[in-house]
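Bear in mind the structure is a predicted one, so any value in this text is a computation, not a measurement.
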Amino acid sequence: MAASTLKIENLHVSIEGKEIIKGLDLEINGGEIHAVMGPNGTGKSTLASAIMGHPKYQITEGKVFLDDEDVLEMEVDERAKAGLFLAMQYPSEVSGVTNADFLRTSINARREEGDEISLMKFIKKLDSKMADLDMGEEFAQRYLNEGFSGGEKKRNEILQLMMLEPKIAVLDEIDSGLDIDALKVVSKGVNAMRNEEFGCLIITHYQRLLNYITPDKVHVMMQGRIVKSGGAELAQRLEAEGYDWIKEELGIKDETVGQEA
Amino acid sequence: MSVDTKIAFDQDYVRSFSEKRQEPEWLTQLRLMALEKSTNLPMPKPDKTKIDKFNFTSFKHDVPTEGISSLDELPEDIKDLVAKDQQSGNLLVHRNSTPVFSQLSDELKDKGVIFTDIQTAVQNHSELVEKYFMKDVVKVDEHRLTALHTALLNGGTFLYVPRNVDVDVPVQALYWQEDPEAGLFNHVIIVAEDNSSVTYVENYLSYSHDVESVANIIAEVHVGQNARVTFGSVDNFAKGVTTYVNRRANVARDGNIDWALAQMNDGNTVSTNSTNLVGDGSTADSKTVTIGRGNQKQNFTNEIFHHGKNSEGVLLVHGVQKDSASAIFNGVTKIEHGATKSNGDQTQRVLMMNEKARGDANPILLIDEDDVMAGHAASVGKVDPLQLFYLQSRGISRKEAERLIIHGFLAPVINELPIEGVKNRAIEVTERKVN
Ligand SMILES: Nc1ncnc2c1ncn2[C@@H]1O[C@H](COP(=O)(O)OP(=O)(O)O)[C@@H](O)[C@H]1O
Ligand SMILES: [Mg+2]
């Protein structure tokens, strides 16, 4: 498996007729970790959801390619099978479906009929990934996200990431609501995925997570666009100085979507 | 198209049908009386479902059927039902309403247990059957369909468990409607005398995909003092069959009934499941799962009537509606005056898989006593698009995601079904109805 590239060109996304993403370009290569940062309400989750094909978001302009495949032409499940993954800011709860069944169904969905993962192999992998994430055994048999605390849901998203091994992953606010120990565990999970082929886009509005997962590139999002890009040092400056200096530099009064300067 | 609600069977036909079956005079007379009454009685009026376009008249009543000499002759799908549900060998198989196989262990025979088809029962145990048939539990003249049921009775089962006898393996009755046009007027009587216990499991199966037929089923359960009955069913009539099914129990002091009903018909269905908690301290637990698909119209009334003091009744219904199917779920908890310290609880949940599917849940609480507890919960909702998105975002196809959600939705009921055979069969049929 060679490294993949996710290429976003001039992306425009609307929700209920209101444009949220207004011409966004981004390229993520396998082996790279990108961070998109920005205050609340600047369109970060919209970007993540649109890439994965969330039914509420309309793409009005632009292109998204995974290598030579047109992502926007694909159904949601096809995007996943092509190698995309989204750790959601607010994962759904599905009653009556155990975590283990769900994961096994997901793994088998990307394998040929007759080539399903053996139960033994699946359990072994699940046990080891759950151990990595300090998740108790009972999580395998609990219903998918049902009654999980915020932190447990985040861990469960990373568990899915580790089980499914996508080419490119988008992690939306995987750090929010985590205490420092949980943050370390989740970071350990993501770092374990790191290799020359795996590309990752980490969305966060705190710099904190990036102390544990060092990004190759950092982008700042405001008003539905990437307004500034840099290396890991950009995240550190944001940590130290906040976002105001960027707003000043660019003449932005209100960074949220729909509040154009 | 207006549907003719007149039945093409007259007094002569019914008399000769009864004669042919060598029935006792009381039954012949009861049939004739019921036929007479049926012409004047109104159709049942299930709450919120119009049934005037349902077919209750087009069917064959008396289908010539060959017997079988061993279970090996059964087709695979029928054999599967037996193999999984029936290790004990206490089995009755009906083919087009005719009994073709019957087996009861010597041990149970020696204890005085009767488990036989209704035709044999009226010949060999006439007085016993007469005592229970359409008397205290269901009445002949409740409406036209109960009367027609009595007049045209052509199949069924009689299960009698004497006082103090525990039947500790399930007994099973299989109603296999091989001829797609065969109508079924099936009557089940279960008598559990005081301090006895029994588990009865029934399976209905038909192949009327393209032609019309009718199933008119009544089950009467008599639960004696301190007796326990578990009643499991997997209904699986094909699209062409209109079903009227009424399963009802009277429970005496400290008696208990558990209902586990997987109502997986593909045709129009009017179903009633009711329990009369007559005696003090009597209890009932009723669980139902159903999946509607195609253009099916169904009405489910699940009811528990509390008469005795300290009686406890719990109703749990989960229904999925797919395609253009529609269903009404009426949950009735009635606590009569004097039924002090009784406890009635009901939950009905309906999940609709798309825009055209319809479902409605009506919790009906009728409480005529102050010193009681009663609870209810009802929910009707469409499948959550975000759940689908979430599952699909992991590579699961839309269809598979829907399948997971449906299984998950029914799981709280299916997992609690008290009979392993019914549970497994319910899961299998769910699988088929979901795909
Ligand atoms: N379902 C929705 N309906 C209407 N507006 C929405 C919806 N979801 C997000 N928005 C709007 O889109 C903008 C960006 O939201 P979001 O992408 O969630 O931002 P972020 O993830 O950066 O906090 C906000 O102004 C928000 O109010
Ligand atoms: Mg967000």
Side-chain angles (χ1 to χ4, degrees), chain A residues 48-57 71 74-111 113 141-146 153 156-157 159-161 163-167 169-170 172, chain B residues 262 287-291 316-320 347-355 377-417 423-424 426-427 430-431 433-435:
Chain A
S49 306
I51 294 171
M52 206 67 224
H54 190 296
K56 270 209 161 170
Y57 298 84
V71 170
M74 298 184 214
E75 298 293 334
V76 176
D77 55 311
E78 291 169 342
R79 297 181 196 202
K81 285 193 270 191
L84 291 178
F85 179 89
L86 169 61
M88 299 195 192
Q89 184 172 1
Y90 303 108
S92 291
E93 301 188 0
V94 185
S95 186
V97 178
T98 64
N99 231 355
D101 276 350
F102 161 66
L103 276 167
R104 201 144 75 95
T105 308
S106 303
I107 289 173
N108 286 333
R110 57 202 74 213
R111 299 169 72 116
E113 218 176 300
Q141 290 312 315
R142 278 182 64 178
Y143 292 154
L144 178 53
N145 292 328
E146 193 179 57
K153 282 183 182 162
N156 209 32
E157 292 293 285
L159 176 66
Q160 293 168 41
L161 170 72
M163 292 295 289
L164 297 177
E165 303 177 38
K167 294 175 182 161
V170 180
D172 190 3
Chain B
K287 292 191 172 73
T288 298
V289 286
T290 179
I291 301 175
L316 178 64
V317 181
H318 279 212
V320 172
T347 304
Q348 301 186 90
R349 303 207 181 282
V350 185
L351 176 66
M352 290 172 289
M353 297 309 291
N354 67 42
E355 290 300 321
S379 69
V380 177
K382 288 203 190 74
V383 64
D384 177 1
L386 292 185
Q387 276 187 349
L388 287 171
F389 172 60
Y390 186 62
L391 296 174
Q392 284 185 269
S393 79
R394 299 323 187 217
I396 297 171
S397 69
R398 164 95 191 197
K399 205 171 156 183
E400 183 70 7
E402 289 187 0
R403 195 187 73 83
L404 283 175
I405 289 170
I406 291 174
H407 275 288
F409 177 78
L410 297 178
V413 185
I414 289 185
N415 290 345
E416 295 301 313
L417 294 178
K423 187 196 289 186
N424 293 336
I427 292 168
T430 300
E431 198 60 43
K433 288 200 82 164
V434 167
N435 280 316

Exercise for review: Flag the one option from B/Gly395, B/Ala411, B/Pro385, B/Pro412 with the top tally of heavy-atom pairs under 4.5 Å to chain A.
Suggested key: B/Gly395
**Study point:** Listed once per pair and sorted, the salt bridge (Lys or Arg N to Asp or Glu O under 4.0 Å) pairs that draw on residues 389-400 of chain B, sequence neighbours left out
**Key:** A/Glu157-B/Arg394, B/Arg398-B/Glu402, B/Glu400-B/Arg403
Side chains of residues 83-93 of chain A: which donor-acceptor partners sit under 3.5 Å, not counting sequence neighbours?
unit_1, atom_1, unit_2, atom_2, d
A/Gln89, OE1, A/Ser45, OG, 2.6
A/Ser92, OG, B/Leu386, O, 3.3
A/Glu93, OE2, A/Lys153, NZ, 3.0

**Study point:** B/Leu391 and A/Leu144, any side-chain heavy atoms less than 4.5 Å apart
**Key:** yes
Check your understanding: For the residue pair B/Ser397 and A/Asp77, what are the closest heavy atoms and their distance?
Key -> CA-OD2, 3.4 Å
Practice item. For chain B, find which of A/Lys81, A/Met52, A/Arg110, A/His54 contributes the most heavy-atom pairs closer than 4.5 angstrom. Key: A/His54
**Study point:** Top contributor to chain B interface from A/Ala109, A/Gly96, A/Ser49, A/Ala82 [non-hydrogen pairs under 4.5 Å]
**Key:** A/Gly96
Review point. With only heavy atoms counted, which part of A/Asp101 is less than 4.5 Å from chain B, the side chain, the backbone, both or neither?
Key: neither
Review point. Would a 4.5 Å heavy-atom cut-off, applied to side chains only, mark B/Ile405 and A/Val94 as touching?
Key: yes
Study note, to complete from the structure: When rounded to the nearest 0.5 Å, the distance separating OG of A/Ser106 from CG of B/Leu404 is 8.0 Å
**Study point:** Proximal component of B/Phe389, with respect to chain A [non-hydrogen, under 4.5 Å]
**Key:** both
